[in-house]
Amino acid sequence: MPRPLYAQINLAALRGNLARVREKAPGTQVLAAVKANAYGHGLLRVLPALDTADGLALIEPDAAVELRERHYTRRILLLEGFFSESELPELAQRRLATVVHDMEQVRMLEKAVLARPLEVFVKVNTGMNRLGFRPGDVAGVCQRLSSSPSVAALRLMTHFARADEDDGLHEPLEIFDSACKGLNYPRSLANSAGVIRFSEVGGDIVRPGIMLYGASPLPYDTADMLGLKPVMTLRSQIIAVQELKANESVGYGGTYTASRAHRVGIIACGYGDGYPRHAPNGTPVLVCGRKVRMAGRPSMDMITVDLTDVPEAGVGSPVVLWGEGLPVDDVANAASTVGYELLCAVAPRVPQVVSEVGGIDVEL
Ligand SMILES: *Cc1c(COP(=O)(O)O)cnc(C)c1O
């Protein structure tokens with residue numbers, strides 16, 4: 001008998017979320033962000049549902065190479081670019097588009113002799129202050145790259161630090177526009193929050209990530225309000241029930257003490273599976289489709305919940321940690337983090353099962 005914990009991956013939901021991106025940002029090219037193993041969903045597993053995207057955007061060169069080896073033919077963009085000159089021949093051979101964000105990369109491209117020139121996204125720093133050229137340097141960089149034989153085509157891009165905040169776009173958009181004035185290359189600005197706010201952000205190429213997986217990029221709009229459906233549902237079961245007496249505690253550190261006698265459900269899922277250990281008492285969990293509350297500290301292999309409101313629950317009762325019926329954003333809020341972190345953290349020991357339309361489950 002397998003441990004009852006698994007992540008169900010709903011490809012129909014992913015297709016639907018991609019369709020939402022198309023509705024929000026009509027006429028743009030969509031590069032689906034699939035870094036971190038498609039935000040924990042399994043890159044190769046979700047690929048069939050991304051077949052209408054114009055390409056993929058990721059961080060890991062190895063994953064990009066593997067996609068080419070598996071005959072993925074559309075565009076692939078490396079979001080942090082290359083890290084050393086020695087990677088450039090492989091980028092050329094594999095037709096990988098690259099971000100260029102600093103002068104050292106410009107010099108490497110100018111020096112390189114490549115079998116095939118590259119598609120290059122010049123990254124403008126509009127206030128995030130991680131990667132990117134200062135606005136005043138952008139025109140000069142484009143000038144140099146456009147005359148380099150290593151460069152086939154240029155695009156201009158930026159990544160917003162506060163695209164999820166009402167007043168977070170105005171200033172960086174101004175900086176971007178003035179940095180790119182007179183430069184007639186296609187532009188890529190929007191992550192998921194930017195796609196939702198596409199009428200303000202604009203651009204020719206969008207790079208949605210989290211919304212494809214059915215979580216909300218915005219603090220005040222739920223995924224449901226945005227028409228997004230969860231792709232991952234993390235499912236388990238109750239594997240034991242304890243009858244607590246008043247004043248008894250549960251779990252390591254005794255961080256939960258019952259004020260009255262009640263039942264506690266023990267669920268097979270813990271931080272060793274990627275569930276956040278810092279999720280406090282009260283964090284929501286679904287048992288038999290009903291919302292219950294965490295009672296006690298998550299341990300490596302188990303969490304514990306108050307079953308007072310679900311008297312019918314017992315050993316074997318179905319549990320949803322997040323996904324269908326319980327948005328990952330709700331769990332993330334309770335645990336003071338973001339849906340992104342929870343999805344990315346699902347551990348390799350958790351089996352993933354793809355559910356296709358028609359309800360047939362295929363184990364990969
Ligand atoms: C991860 C990433 C994205 C996607 O961001 P979401 O918020 O998940 O939509 C877009 N652009 C860049 C540069 C990224 O690193």
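Whatever order the structure lists them in is the order used to number ligands and atoms, beginning at 1. Numbers here simply count residues along the sequence, with the first being 1. Computed over heavy atoms, backbone and side chain alike; hydrogens, waters and symmetry mates excluded. Since the structure is predicted, the reported quantities are computational estimates derived from the model, not experimental observations.
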*asked:* With heavy-atom distances below 4.0 Å as the criterion, list the atoms of ligand 1 near S192.
replied: 6 (P), 9 (O)
*Have T308 and D306 got a donor and an acceptor in their side chains that come within less than 3.5 Å?*
yes
*Do me a favour and list the nearest non-hydrogen protein atom to atom 7 (O) of ligand 1 with residue, atom name and distance?*
Y340 OH, 2.6 Å
*Considering only heavy atoms of Y39, which atoms of ligand 1 have at least one such atom less than 4.0 Å away?*
1 (C), 4 (C), 5 (O), 6 (P), 8 (O)
_Heavy atom to atom 2 (C) of ligand 1, shortest distance: which of R207, K35, E80 holds it?_
K35
*Please indicate whether any nitrogen or oxygen in G209 is less than 3.5 Å from any nitrogen or oxygen in ligand 1.*
yes
*Which of these, D137, L131, V138, sits in a side-chain contact (heavy atoms from CB on, under 4.5 Å) with V124?*
V138
*Does E110 come within less than 4.0 Å of R107, counting only side-chain N to carboxylate O?*
no
*Under-4.0 Å heavy-atom contact with ligand 1, by part of P208 that carries it*: backbone
_Student check: side-chain heavy atoms of L321 and L5 closer than 4.5 Å_ = yes
*Would you say the side-chain atoms of N281 pair up with the backbone N or O of G296, donor to acceptor, closer than 3.5 Å?*
yes
_Test of understanding: given a 4.0 Å heavy-atom threshold, classify the contact between I210 and ligand 1 as side chain, backbone, both, or neither._
both
*Provide the number and element of each atom of ligand 1 under 4.0 Å from a heavy atom of A33.*
4 (C)
_salt_bridge(D273, R349) N-O dist < 4.0 Å_ = yes
